[in-house]
Every structure is written in structure tokens, then in C-alpha cells.
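The structure displayed is predicted, hence computed values, not measured ones.
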Number of protein chains: 2
Amino acid sequence: MRLNAKVPPSEMRCFETYLRSKKLKLTDERVKILTTIFDKSTHFNAEWLYRELNQKKQSMSRATIYRTLYLLVQCNLVRRNSLGSAHANYEAIREAEHHDHLICLNCDRVIEFYRLNLEQLQEEICHEKNFQPLHHNLQIFGLCSECINKTDDSTMRHKVAQIRT
Amino acid sequence: MRLNAKVPPSEMRCFETYLRSKKLKLTDERVKILTTIFDKSTHFNAEWLYRELNQKKQSMSRATIYRTLYLLVQCNLVRRNSLGSAHANYEAIREAEHHDHLICLNCDRVIEFYRLNLEQLQEEICHEKNFQPLHHNLQIFGLCSECINKTDDSTMRHKVAQIRT
DNA sequence: TTTTTTGCAAATCGTTTGCACGCTG
DNA sequence: CAGCGTGCAAACGATTTGCAAAAAA
């Protein structure tokens, strides 16, 4: 039974095209996952998606979620980015534009930013080093304005040491 | 039995000081780990260290290695940085200076670089956003000059999707 | 002696995978 | 109908942890 389809946005078409090109199928599960991601999330992880999908209606296994996330990353609808944590984090790619992250180590807030110079500078460096960039990632860890006075040094040192980058 | 100490370099003193400040002990195992790291490595992982330490003389458990690595990160003698892989990578911090990485997705070569503008730009962004930076990390993934013609698109798309950042 | 360390093995935990059944195209 | 997709549960694999024995201070 096909999901009572809301008008499929461009993301859906993109996914469909990708799947067809790989001879893969557009299943209900895949549709629901994509919809959930683009409806409700900015940054999320597999567990959030699992709970989000299972709280309401029928269940969906973690396996399917992981497998679908892989496909979505492959066709550039989703970006994988652990944001310093030990597990994977993902984000929906809404516009084509890229951005980097400020990550608060106290409250886990993620602040996105984009700076053209920064991108250009990177291009420049790659060119100099004769390196062909395919992906890049800048994350700055620290304390957001709300958290600056809420922790102590030793806690922060521990947290910095725990960062996975 | 204390290791027949080569003249302890400044790193050793730093470690010793740190340990003492925490009422921890300077054991043979810890000395050997630090020595191995600063003698032989640039970028390494726990497994490399394990093999390096165990191939010659007596054995050392992985547990000790992980526990010691944690201490070394705490006292800023070692930096933890997965470089996009699923497991942790580490590097000895030889000078105080910071650098970023170009990482070849084909041959895993790591090219270090430093660019003052880049650092300044980041400072600027943080200042604007009222964010206190504690750690940052820029990695550019792609193909080094030697590998540019050695792979195909689909392989690279897969590898990019596997990156953990 | 007292406290910290170590090695071992078992436990974690997010993620991946093999398999048998079910559904899509 | 053939080929993918799914759920389940088991496998994975790097890292962590509890515990009893061993070593530093």
C-alpha cells in the first residue's frame, strides 16, 4: 500500500531518480524516512529517526533506517557528520549551499555559518598543494553565548578530549 | 623495574608534571607509550601503537594503551582526531602550533597545513556569533596528487559517504 | 602499607550483515 | 515472476569497564 502521498517535493523526485538509476525501489519505508527527515529535522541521528518513525504508526527496523540513510547520503539529500560525537549525526541538505558548524560542548546546540572567504581560502590551499577536494568539514567546538559561564575548566577539558573529529 | 631511561625530553617532564598533579604514577608502561609515540609516529591509531609496543619485548594490553592515550590527550601531548575514519586517530603534538589536514581518500595520506588567515577568519566568526572556541578542526577530504587518476566516481562517492566527521 | 595500575575478559553500543520471507515493478 | 526490500537477531569492532592480582610511593 502506497503512502497517501503528499505532493512529492523536489527531494522526493531526486530520490526517485536516484533509486531508478540504481534499479532500486521506492518503498513506503523509504518515502516515510525521507519525509520525516525533511519535515521535522535539522540535525538528527539514527536513534531520533527510529523513535520518530515508530512512535506513531507501524514500526520500522533500525536496519532499514541505516540502509536508507546510506542511500540518502549517496544521492546527496542527506549529509553525514558526527559533529564531534561518538555516533553518526545527519542533516537534511535543503539547499545546495554548504555550511560549517559551531558546536556547543555544553548544550549541544549547533550553529550553522557560511563564509565565502573561508571556502575560497580552502580552494586556494588545495590548489597549492595539488590536492583535489571532494568534501570538507570545519567544526568549531566551544561554548555558545548561553553556556559560557555555566561550566568549569576541568569539565571542558574532559569534553574536548572526548571530541571525535 | 624502571626503563633504562634515555634522557627524558620536555614531553616526558610535561607528562610527569601532569601525572603528579593528579596524584598518578609514572609507570614503565606510560613511559614506553609516550616514548614510542614521540619516537616513531606522526599520525597513528590505537592498534598501531598496540602492535608497535608488542612486537618486540613484553606485552602491553590494549586497556592500558587506551587509558594512557586518554591521559596524554588530557595533558595536551597528544591530539585525538579520527581523520574521517570510523575509529580514533591520534597525533603527537610536537610544537605548540596547530595545523589542519588534507586527507587522501585513496591512499590515506595526511597532508598537514597551516594558514594564519584561516585561523583568524575563524576567530572572527566566533566573535561575531558570540561563541567561545575551545577546539576546532578543519579537514579536507579528496585526492592527493598521486591518486587523482587512480579511482572512479562511484568509488569516491562511496568513500565520501563513509567519512566520519 | 596504601593506593594506583595492570591485564584479562566481559560488557558496551552504534552500526552492519546474513537469512528467510514479503512486497515492488 | 524475478529481484529487491524488510525485520530479526546475530555479528562486528573499536573502546570501555569491573575485578583481582601486581607494582609504585
Check the distance between [N]'s [atom2] and [X]'s [atom1] and give it to me in whole angstrom.
{"X": "A:Arg20", "N": "C:dG25", "atom1": "CZ", "atom2": "P", "value": "9 Å"}
{"X": "B:Lys23", "N": "C:dT5", "atom1": "NZ", "atom2": "P", "value": "13 Å"}
{"X": "A:Tyr66", "N": "D:dC8", "atom1": "OH", "atom2": "P", "value": "16 Å"}
{"X": "A:Tyr50", "N": "C:dC13", "atom1": "OH", "atom2": "P", "value": "16 Å"}
{"X": "B:Met60", "N": "D:dA23", "atom1": "CE", "atom2": "C1'", "value": "14 Å"}
{"X": "A:Asp28", "N": "D:dG5", "atom1": "CG", "atom2": "P", "value": "14 Å"}
{"X": "B:Leu26", "N": "D:dA23", "atom1": "CG", "atom2": "C1'", "value": "13 Å"}
{"X": "A:Tyr70", "N": "D:dT6", "atom1": "OH", "atom2": "P", "value": "16 Å"}

At 4.0 Å (heavy atoms only), tell me whether [X] reaches a base, stays on the sugar-phosphate, or touches nothing.
{"X": "A:Ala86", "answer": "nothing"}
{"X": "A:Arg67", "answer": "base"}
{"X": "A:Ala46", "answer": "sugar-phosphate"}
{"X": "A:Glu29", "answer": "sugar-phosphate"}

Which listed nucleotide ([options]) is nearest to the side chain of [X]?
{"X": "A:Arg80", "options": "C:dT16, C:dA9, D:dC8", "result": "C:dT16"}
{"X": "A:Arg62", "options": "C:dT6, C:dT15, D:dT17", "result": "C:dT15"}
{"X": "B:Leu24", "options": "C:dT5, C:dG14, D:dC8", "result": "C:dT5"}

Considering heavy-atom distances to DNA chain C, does B:Thr68 or A:Asn45 have its closest nucleotide positioned more toward the 5' end?
B:Thr68
Between A:Arg109 (side chain) and A:Glu146 (backbone), is there a donor-acceptor pair under 3.5 Å?
no
Is the backbone N or O of B:His43 less than 3.5 Å from a side-chain atom of B:Asn89, with the two atoms forming a donor-acceptor pair by type?
no
In terms of side-chain geometry, is the basic nitrogen of A:Arg80 or A:Glu91 positioned less than 4.0 Å from the acidic oxygen of its partner?
no
Between B:Arg115 and A:Glu124, is there a side-chain N and carboxylate O pair less than 4.0 Å apart?
yes
Identify the heavy atoms of A:Ile125 and B:Phe113 that sit nearest to each other, and give their distance.
CD1-CE1, 3.5 Å
For the base of C:dT3, is there a side-chain donor-acceptor partner from B:Lys25 under 3.5 Å away?
yes
I want to check one thing: is the phosphate of D:dC4, taken as OP1 and OP2, less than 4.0 Å away from some side-chain N or O of A:Thr27?
no
By nearest heavy atom, map A:Arg30 and B:Asn89 onto DNA chain D; which one lands nearer the 5' end?
A:Arg30
